Structures are given as C-alpha cells and as structure tokens.
Amino acid sequence: MEALLEVKEVTGGYLSSRAVIEDVSFHIGEGEIVALIGLNGAGKSTTIKHILGLLEPRKGEIRIAGKTFLDDPDSYRHTYGYIPESPIYYEELTLWEHLELAAMSHGLDKELFAERVYPLLKEFHMEAAKDRFPQQFSKGMRQKLMIMMALLVQPSLYIVDEPILGLDPLGIRTLLTWLARCKEQGAGILMSTHILATAEKYCDRFIILHKGRIKAQGTLEELRSFTGMPHHSLDDIYLRLVEEE
C-alpha cells in the first residue's frame, strides 16, 4: 500500500521551549480511513496543524505524496482537503461563492465544477441555501459548507477534524457515506474524533494519542491483541490505555 501521508518521528508544538507532541510516527495509505483519537489536550490538533503546514516540526518530517511543505508550499496544500472543527468562512461570500472559490483555487474548470457541486448541494440538503451568506447559517450548516468545499476538490488525502460536531443525524450519515465513497475511490482519510463507536464502525485503523505520544496504533484486532482484550470494543480499549497512568 502506497503511503499518501507519512509522519516520521515528529516533535513539535506552538512554542520552541515546550513540545506538545513527541516522536509521533504514523502513515495513511490509499483507500483507508484512520482515526486519530485522544483526550482533550492529547496533541491531536497540534499534530493536524503540523500536517497542514501551519506549524514546523522541531524534529522529524512530514510528507504528503512524497513532498514536504518546504519543498513546495502551494503544491503541498493542493494535495489535501481539510475539514476543520470550527467553520472558517468569508462573511462577504455566499455559499455558492465559497464553492466557486474552492474550485478555482484547485484548478477545476466550469464543467467539472458543475458536475460535482450539484450532487453535493442535493445530498447535504443545501440547495435552498446556496445564495445565502454563512453568517445566516446554523453551526451545522456552516460545517456542511466546510465539508462540501473539501469534497468538491476530491484530493488524494482528507484531514478531517471532529467533523460530526454540530451536524444533525442526516448530515452525519451523508458525510460518512461520502467519506466511505472517497475511500473506495482510493483516497486516504485521517479523521480526528471523540465518537469512538462511529470510529470503530467506519475506520480501518486507529491511532491513540496520549500526552503528546502515541500510546498504541493499529487495527481493532491489533489493539485487542496489544491490550489482551480480545473481545472488547474500541471504547473499552481506549479507556484502558488512557487510564493506565
């Protein structure tokens, strides 16, 4: 399996004097969904910011499709789609204009844009809102905007940070259906989430981050073997690992 994302022995954080994550290593391959899970403050957001190129590692290396951020920042950013936990939008742009902006920034022509955008609007039930401004939206609708912008460009790698927060049950089902479809088409997906039952159902592997270090990683069966809990759920295994200290 070819690695789309490689994180190798990364140590880093927001301040040069204090590391938030230490010696973090993992990879995301083609056609798999990997969950990044951990308590609040475990280092999940810091890890994601390093992957996005917003923070520079103090040690280690991150590559997407074989390239580091410093090799070519613009090309690096185009290799992934990012769905943030808190929606980020322009108040002066409508939903439709946000989608057009995403398409233009990734070089989608008008025909491809039209082919992709209308199914997204329909499945996320946002057709009636396409000419409205995001400040008029609920939090869930703003989150759907972020999701649609990422799905529209169909990158090889998705970085998804707590995507379910704020979504209604229908929105959650639609998102998970789209992510499963992206996986079938060969995309790799890193999903940070606290909803372990959903992670267990949809993800192929799991990375358990605790106090800035990887406590364990692998498939559910590998985690069960590692912990000696052969019939337990991901929730049980996770609680056992983080409560050991």
Side-chain angles (χ1 to χ4, degrees), residues 1-13 18-52 55 57-66 80 83 85 156-165 172 175-176 179-180 182-184 186-245:
M1 181 185 296
E2 183 180 347
L4 294 171
L5 169 66
E6 296 178 282
V7 179
K8 298 180 180 179
E9 299 179 350
V10 168
T11 294
R18 178 176 175 269
V20 177
I21 57 173
E22 296 187 63
D23 296 318
V24 170
S25 296
F26 62 87
H27 71 277
I28 308 294
E30 296 177 347
E32 67 171 352
I33 304 178
V34 179
L36 179 64
I37 57 181
L39 300 173
N40 292 331
K44 301 187 302 299
S45 293
T46 303
T47 300
I48 288 173
K49 284 181 170 63
H50 278 85
I51 295 169
L52 298 177
L55 294 174
R58 289 167 52 182
K59 190 189 80 169
E61 184 179 69
I62 298 172
R63 291 183 176 271
I64 299 179
Y80 66 75
I83 303 174
E85 177 183 357
S156 59
L157 175 70
Y158 291 88
I159 310 296
V160 187
D161 192 4
E162 295 291 350
I164 291 173
L165 296 179
I172 293 171
L175 170 62
L176 293 172
L179 291 179
C182 292
K183 168 188 166 178
E184 290 173 1
I189 301 162
L190 176 65
M191 182 169 68
S192 170
T193 182
H194 286 295
I195 314 300
L196 300 191
T198 300
E200 181 173 338
K201 182 176 180 180
Y202 286 91
C203 296
D204 302 288
R205 292 189 293 113
F206 311 92
I207 302 164
I208 298 176
L209 196 62
H210 187 58
K211 295 184 177 180
R213 292 180 177 271
I214 292 181
K215 190 82 172 176
Q217 62 178 306
T219 64
L220 183 58
E221 288 307 314
E222 288 169 341
L223 293 178
R224 284 170 170 166
S225 176
F226 176 74
T227 56
M229 303 171 69
H231 306 295
H232 288 69
S233 67
L234 178 63
D235 209 335
D236 293 335
I237 291 169
Y238 169 73
L239 291 174
R240 166 75 66 84
L241 288 170
V242 300
E243 289 177 346
E244 282 180 349
E245 300 181 23

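Computed from a predicted structure; not experimentally measured.
Expressed to the nearest 0.5 Å, how far OG of Ser233 lies from CG of Leu196 amounts to 8.0 Å. In this structure, CG in Asp236 is found 5.0 Å from CE in Met229, a value given to the nearest 0.5 Å. Interatomic distance, CD1 of Ile51 versus CD1 of Ile28, reported as 7.5 Å (0.5 Å rounding). Between Lys215 atom NZ and Ile237 atom CD1 the span is 14.0 Å, to the nearest 0.5 Å. In this structure, CG on Leu209 lies 10.0 Å from CD on Gln217, to the nearest 0.5 angstrom. Ile207 contributes atom CD1, which lies 9.0 Å from atom NE2 of His27 (distance to the nearest 0.5 angstrom).
In terms of heavy-atom proximity, Val24 sits nearest to Gly212 at CG2-O, 3.7 Å. Nearest heavy-atom pair, Leu4 versus Gly188, reported as atom, atom and distance to 0.1 Å: CD1-N, 3.3 Å. For the pair Gly29 and Glu32, the tightest heavy-atom approach, listed with the atom from each and the gap, is N-OE2, 2.6 Å. Taking every heavy atom of both residues into account, Ile214 and Ser25 meet most closely at CD1-O, 3.2 Å.
Scanning for side-chain contact (heavy atoms from CB on, under 4.5 Å) contacts around Ala180 gives an empty result, with sequence neighbours left out. Checked against side-chain hydrogen bond (donor to acceptor under 3.5 Å, both in side chains), Lys59 has the following partners two or more places apart in sequence or in another chain: Asp23. Partners of Ala199 under the side-chain contact (heavy atoms from CB on, under 4.5 Å) rule, at least two apart in sequence or in another chain, are Ala35, Thr193, Cys203, Phe206, Leu234. Scanning for side-chain contact (heavy atoms from CB on, under 4.5 Å) contacts around Glu85 gives Asp161, Glu162, Leu165, with sequence neighbours left out. Residues satisfying the side-chain contact (heavy atoms from CB on, under 4.5 Å) test with Thr198, not counting sequence neighbours, are Ile164, Leu176, Ile195, Tyr202. Here Glu9 pairs with nothing under the salt bridge (Lys or Arg N to Asp or Glu O under 4.0 Å) rule; sequence neighbours left out. Considering only residues two or more places apart in sequence or on other chains, Lys183 meets the side-chain hydrogen bond (donor to acceptor under 3.5 Å, both in side chains) condition with Asp204. Listed by chain and residue number, nothing satisfies the side-chain hydrogen bond (donor to acceptor under 3.5 Å, both in side chains) test with Glu200 (two or more places apart in sequence, or in another chain). Residues satisfying the side-chain hydrogen bond (donor to acceptor under 3.5 Å, both in side chains) test with Glu221, not counting sequence neighbours, are Arg224.
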Show me the donor-acceptor pairs, under 3.5 Å and distance only, between side chains in residues 40-47 and residues at least two apart or in other chains.
from  : atom 1 : to     : atom 2 : distance (Å)
Asn40 : OD1    : His194 : NE2    : 3.3
Lys44 : NZ     : Gly38  : O      : 3.0
Lys44 : NZ     : Leu39  : O      : 3.2
Thr47 : OG1    : Gly43  : O      : 2.8

Salt bridge (Lys or Arg N to Asp or Glu O under 4.0 Å) assessment of Arg63 paired with Glu6:
CA-CA 5 Å; Arg63 291 183 176 271; Glu6 296 178 282; 5.6 Å; no

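For the pair Ile21 and His50, the minimum side-chain heavy-atom distance is below 4.5 Å. For the pair Tyr80/Leu52, a side-chain contact is recorded, criterion being any heavy-atom separation below 4.5 Å from C-beta on. A heavy-atom distance below 4.5 Å is not found between the side chains of Val160 and Ile33. Side-chain contact between Leu190 and Phe26 is present, with heavy atoms from C-beta onward closer than 4.5 Å.
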